[in-house]
Amino acid sequence: MNADAVSSTEDPSSPPTVPSTVVWCCGRPYVLEGGSGRARWMGTDYRGRPESLTSAELQRRGWSHRRAS
């Protein structure tokens, strides 16, 4: 496959925008809920309580598509 044939309009350092996408942040999974409008990343805090993050908060904390080993 030609690398030039694959292009993305999203910034690779920004979290994805596709609903139901799972990313990892601070060793915990977060899933994107909602579509247009007010999407939010849902996961749990270090005590297991529900936690909602904006894309900006997730980006500041650092995120990844893969769980850190």
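Between Val23 and His65 the shortest heavy-atom distance is CG1-ND1, 4.4 Å. Here the shortest heavy-atom pairing between Arg61 and Tyr30 reads NH1-OH, 4.2 Å. Taking every heavy atom of both residues into account, Val18 and Leu32 meet most closely at O-CD2, 3.5 Å. For the pair Trp41 and Thr21, the tightest heavy-atom approach, listed with the atom from each and the gap, is CZ3-O, 3.3 Å. Considering every non-hydrogen atom in both Glu57 and Thr54, the closest pair reads OE1-N, 2.8 Å. The two atoms that bring Gly34 and Ala39 nearest to each other are O-CB, 4.0 Å, heavy atoms only.
Applying side-chain contact (heavy atoms from CB on, under 4.5 Å) to Trp63 and the options Ser55, Cys26, Pro15 leaves one that passes, Pro15.
Taken to the nearest 0.5 Å, the CG atom of Leu58 stands 10.5 Å off from the OG atom of Ser64.
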